[in-house]
Amino acid sequence: MKTSSYPDAHNADVPRHVAIIMDGNGRWAKRRLMPRVAGHRKGVETLRGVIRACAERDISHLTVFAFSSENWRRPQEEVTLLMELFMRALENEVAKLHENGIRFRVIGDLSAFSERIQALIRDAQTLTRHNTRLTFTVAANYGGRWDVVQAVRTLLATGVTAEQIDEEALTRHLSMAGEPEPDLFIRTGGEQRISNFLLWQLAYTELYFTDVLWPDFDAKQLDAAIASYRSRERRFGRTSEQVQKAS
Ligand code: IPE
Ligand code: IPE
Ligand code: MG
């Protein structure tokens, strides 16, 4: 009998895959009496630094939540400005990512985005697909529940029988198929919730919450999160004694 569905269980000092909810841009701006979009702009700068810091620390996968399927509920003006910012970032940043050996991916229901954004995403993914230094994934119009539903749909479309559906089969059709599950999850901005991010993949991820607002997050903050991660014992259901014996 198969006793574990976590073959990727990862215990090394440095997390292989870090997933981040970049929250707190609006509050950062509000504190400075600036419009919310100023916080989002600063957030893009922060992200640039965090990508670099992850690559320097030999983290092989970084996944960030940029826009949730629920964020369409924000005022129209903010949604429009966020889309513009996303488009500018795609236009201006992808070449640099490629130069630095970074593989770029976007997950989410992309059909809701403009043709222009969809084309930029396709081109960026094609350009960077063979890069191996860091896989950088942006979740945009992403929802964890949407992901599970689309995986079930595509799996059923292959003609499987009910008996053939198991965790592995479903995992193969999720947006993050083929990538390791996140070892470390970070949420900035003080809220302690998942907000419909990678629901399936976070099953055994170490969770780290910080009050630091995303625009203020930097390499030092990242190191604090990694230090916390290192202090954890990942048991995956076993006892502490079993884990220590195996290591
Ligand atoms: C996160 O910052 C960015 C997005 C959700 C796009 P917020 O915009 O949620 O910032 P707060 O939570 O209002 O401070
Ligand atoms: C989560 O942040 C989504 C992103 C960071 C893109 P939100 O600010 O939208 O989350 P809630 O609504 O406070 O849960
Ligand atoms: Mg928020």
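Counting starts at 1 for both ligands and their atoms, in listed order.
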Item to complete: Among all protein heavy atoms, pick the one closest to atom 2 (O) of ligand 2 and tell me residue, atom and distance.
Response: R187 NH2, 3.7 Å
Item to complete: Starting from atom 13 (O) of ligand 1, locate the nearest protein heavy atom and write down its residue, its atom name and how far away it is, to 0.1 Å.
Response: R36 NH2, 3.0 Å
Worksheet item: Counting no waters, how many protein N/O/S atoms sit under 2.8 Å from the Mg ion (ligand 3)?
Response: 1
Worksheet, complete the sentence: Honestly, for F197 the part within reach of ligand 2 (heavy atoms, under 4.0 Å) is neither
Worksheet item: What about R193: any of its N or O atoms under 3.5 Å from an N or O on ligand 2?
Response: yes
Practice prompt. Could you tell me whether E191 and ligand 2 have an N or O pair separated by under 3.5 Å?
Written response: no
For [X], take its heavy atoms, then give the atoms of ligand 1 lying under 4.0 Å from any of them.
| X | answer |
| --- | --- |
| R27 | 11 (P), 12 (O), 14 (O) |
| M22 | 1 (C), 2 (O), 3 (C) |
| A66 | 6 (C) |

Practice prompt. Answer yes or no: does an N/O atom from D23 fall short of 3.5 Å to an N/O atom of ligand 1?
Written response: yes
Discussion item. Would N71 count as a polar contact of ligand 1, with the cut-off being nitrogen or oxygen pairs under 3.5 Å?
Written reply: no
Discussion item. So for H40, does at least one of its heavy atoms come nearer than 4.0 angstrom to any atom of ligand 1?
Written reply: yes
Worksheet item: Which of the numbered atoms in ligand 2 are below 4.0 angstrom from a heavy atom of R74?
Response: 7 (P), 8 (O), 9 (O)
